[in-house]
Engineer: 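For reference, the structure I am asking about is given below.
The sequence lines fix the lettering, A, B, ..., with proteins before strands; numbering per chain opens at 1.
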Number of protein chains: 2
Amino acid sequence: MEGKSVAGRIHDANHRLTAAEKRAARGLLGSYPTLGLAPVAEFAQQSGASSATVLRFVSQLGYKSYPDFQRALRDELEERSKSPLQRSTANAGKAGGDEHFLDHFVTQAIGNLRGSAALIPASEFEDVCARLAEAKGACYLAGGRFTDFLAGYLEAHLRLIRPGVRRLDGRPATRGDQLIDVKAGDLAIIFDVRRYDESLVEVASELAARRAHIVLITDEWMSPVSRFAKLVLPCRTSLERTWDANGALFTLAEAIIARTTELSWATASKRMGSIERG
Amino acid sequence: MEGKSVAGRIHDANHRLTAAEKRAARGLLGSYPTLGLAPVAEFAQQSGASSATVLRFVSQLGYKSYPDFQRALRDELEERSKSPLQRSTANAGKAGGDEHFLDHFVTQAIGNLRGSAALIPASEFEDVCARLAEAKGACYLAGGRFTDFLAGYLEAHLRLIRPGVRRLDGRPATRGDQLIDVKAGDLAIIFDVRRYDESLVEVASELAARRAHIVLITDEWMSPVSRFAKLVLPCRTSLERTWDANGALFTLAEAIIARTTELSWATASKRMGSIERG
DNA sequence: TCAATGCTGAAATCAAAAATTCAGAGGGGG
DNA sequence: CCCCCTCTGAATTTTTGATTTCAGCATTGA
């Protein structure tokens with residue numbers, strides 16, 4: 001228990017934590033470790049809890065005082081900058097493989113998330129959500145080889161909060177049928193990332209011809225679909241590996257879901273209620 | 001002068017500093033920025049100067065108080081951990097709505113990611129990837145209402161790197177057919193999050209009866225499937241909103257894909273190559 | 001529905017750290 | 001060699017922030 005990292009202790013104590021204490025934990029993990037180095041009052045305010053709760057949280061972690069906890073954070077920080085690579089050899093218990101893989105991967109994913117948030121103008125994001133919330137006309141969804149699952153995920157949620165949601169599947173044979181009802185002003189959300197899908201360009205061009213309002217969710221290298229899109233939301237996906245990471249697109253989809261729900265709460269909540277019961 | 005880094009200010013002010021103040025500067029630079037985040041007394045002791053000198057030093061740098069100086073250090077630290085492409089776009093917005101929604105959402109998602117990394121033992125993660133890479137026996141995938149798309153995403157990638165990957169769909173009618181070939185030692189990966197899917201428990205129990213090795217990817221509240229699982233990878237999903245966020249599960253899936261690819265590179269790369277060409 | 005338990009944050013208390021003061025040390029110039 | 005000026009850190013004061021307390025609130029279980 002003594003020599004454990006702060007993040008590790010949060011893990012251990014997780015089940016003991018009360019609701020407000022978890023808020024504190026989340027806040028800290030969200031901007032780690034800086035928030036913990038701030039005075040209690042600021043920590044409290046930033047994480048949406050009271051000072052008292054933060055103190056209780058820290059004490060749950062096993063520190064006997066707040067300054068004690070801060071010292072632990074500083075030590076960790078110091079440790080990390082001393083030995084960039086070998087830091088968590090401390091808890092390198094038993095598994096033979098690369099202990100840090102998950103940590104390292106998650107760090108990169110976080111970088112992509114932050115990068116994406118910076119890449120996407122707030123106004124465009126808001127615009128998309130507002131259009132979805134208005135629920136005028138239909139909303140079509142499509143994705144490429146892998147991103148089709150993102151489209152599916154988004155569709156499954158949007159169906160709950162508004163009517164007129166359809167997914168376009170990839171089969172060229174049925175494309176005509178699927179697009180036949182598209183009207184001017186309908187919304188279309190297309191996911192497309194590198195190794196871009198040619199058929200999506202065709203779909204997009206068809207949608208554009210029918211005056212649909214196309215939103216493109218893509219990677220930093222920009223799918224060619226952007227040519228037809230009214231709004232483009234680019235995400236960072238880079239990874240020093242075989243594959244790119246689409247986690248940022250996924251989180252963007254979830255953000256859209258959350259924001260749209262919020263914007264259309266009055267109607268969406270009723271709708272969801274009736275679906276529950278039905 | 002205002003927006004300058006602390007280290008930069010030290011450089012600029014260097015000639016103005018007295019002997020003892022330089023000792024303080026040297027100490028801070030020596031373990032930057034940690035020492036500056038400590039209380040004055042400790043800073044003083046560690047750097048071999050008195051508290052008063054440290055305070056004078058800080059004031060020379062242009063900060064109006066010690067806490068003010070510490071805040072600058074924390075801000076710097078936070079800034080540094082932010083992504084390569086950053087703030088310029090962040091504050092460029094002009095939309096009327098909730099400017100910070102996406103930023104805020106992303107911050108929470110990051111918290112969930114970090115929390116998940118802390119929650120998942122490296123050994124279990126490695127174990128799952130190693131089993132996948134071995135490619136002995138078949139690998140079944142299943143998910144619930146929303147998480148089915150995660151299962152699909154994982155499946156689409158795993159198919160590229162190893163044989164014997166199947167997805168179990170939700171229809172009870174075909175369940176018998178799907179499970180008929182399950183053999184002892186086969187791998188099964190099940191996704192299940194809150195509002196847990198009852199049918200998944202049944203599937204899991206059937207799989208367990210056939211001695212499959214069940215891996216469960218779930219949220220912090222633990223799907224009841226855990227009863228049958230050999231390995232559980234829990235992720236943080238909490239959000240102060242209507243829905244939980246599954247971004248951490250998604251990223252975990254991507255991490256599994258990346259790690260498994262790495263572990264089985266010799267065989268996987270050939271396989272992927274032939275799929276490309278075929 | 002109502003008690004009981006436990007969680008929560010506002011306010012009061014208390015401790016610690018930051019700021020200030022000042023006597024004396026050190027060092028350079030006369 | 002001595003005086004004067006500047007720098008320095010111990011001691012003191014003041015301010016800030018950590019801790020505790022407690023009344024109200026929510027949640028759970030009967």
Engineer: Tell me which pairs pass salt bridge (charged side-chain N to carboxylate O under 4.0 Å, His left out) where either residue lies in residues 216-227 of chain B, with sequence neighbours left out.
Structural biologist: B:Glu220-B:Arg236
Engineer: Expressed in angstrom and rounded to an integer, what is the separation of B:Phe43 atom CZ from C:dA19 atom C1'?
Structural biologist: 16 Å
Engineer: Using the salt bridge (charged side-chain N to carboxylate O under 4.0 Å, His left out) rule, collect all pairs that involve residues 13-37 of chain B, keeping only residues at least two apart or in two chains.
Structural biologist: none
Engineer: Would you mind reading off the distance between B:Gln60 atom CD and D:dT8 atom P, rounded to a whole angstrom?
Structural biologist: 11 Å
Engineer: I'd like to check the side chain to side chain contact (heavy atoms under 4.5 Å, CB included) partners of A:Gln70; sequence neighbours left out, ordered by chain and number.
Structural biologist: A:Tyr66, A:Arg74
Engineer: State yes or no: are the ring centers of A:Phe69 and A:Tyr63 separated by less than 6.0 Å?
Structural biologist: yes
Engineer: Describe the nucleic acid contact of B:Ala44 in one word from base, sugar-phosphate, nothing, applying a heavy-atom distance below 4.0 Å.
Structural biologist: nothing
Engineer: Rounded off to whole Å, could you give me the OH-to-P distance for the B:Tyr63 and C:dA18 pair?
Structural biologist: 16 Å
Engineer: How many whole angstroms separate atom CZ of A:Phe57 from atom P of C:dG9?
Structural biologist: 14 Å
Engineer: For A:Ser59, which residues count as a side chain to side chain contact (heavy atoms under 4.5 Å, CB included) partner, sequence neighbours excluded?
Structural biologist: none
Engineer: Across nucleotides 9-19 of chain D, 5' to 3', mark each nucleotide with B, S or - according to how protein heavy atoms within less than 4.0 Å reach it.
Structural biologist: BB-------SB
Engineer: Kindly say if B:Thr18 contacts the phosphate of D:dT8, meaning a side-chain N or O under 4.0 Å from OP1 or OP2.
Structural biologist: yes
Engineer: Expressed as a whole number of angstroms, how long is the span from B:Leu17:CG to D:dT6:C1'?
Structural biologist: 15 Å
Engineer: Separation of A:Arg16 atom CZ from C:dC7 atom C1', in whole Å?
Structural biologist: 17 Å
Engineer: Considering residues at least two apart in sequence or located in another chain, which fulfil the ring pair (Phe, Tyr, Trp, His ring centres under 6.0 Å) criterion with B:Phe191?
Structural biologist: none
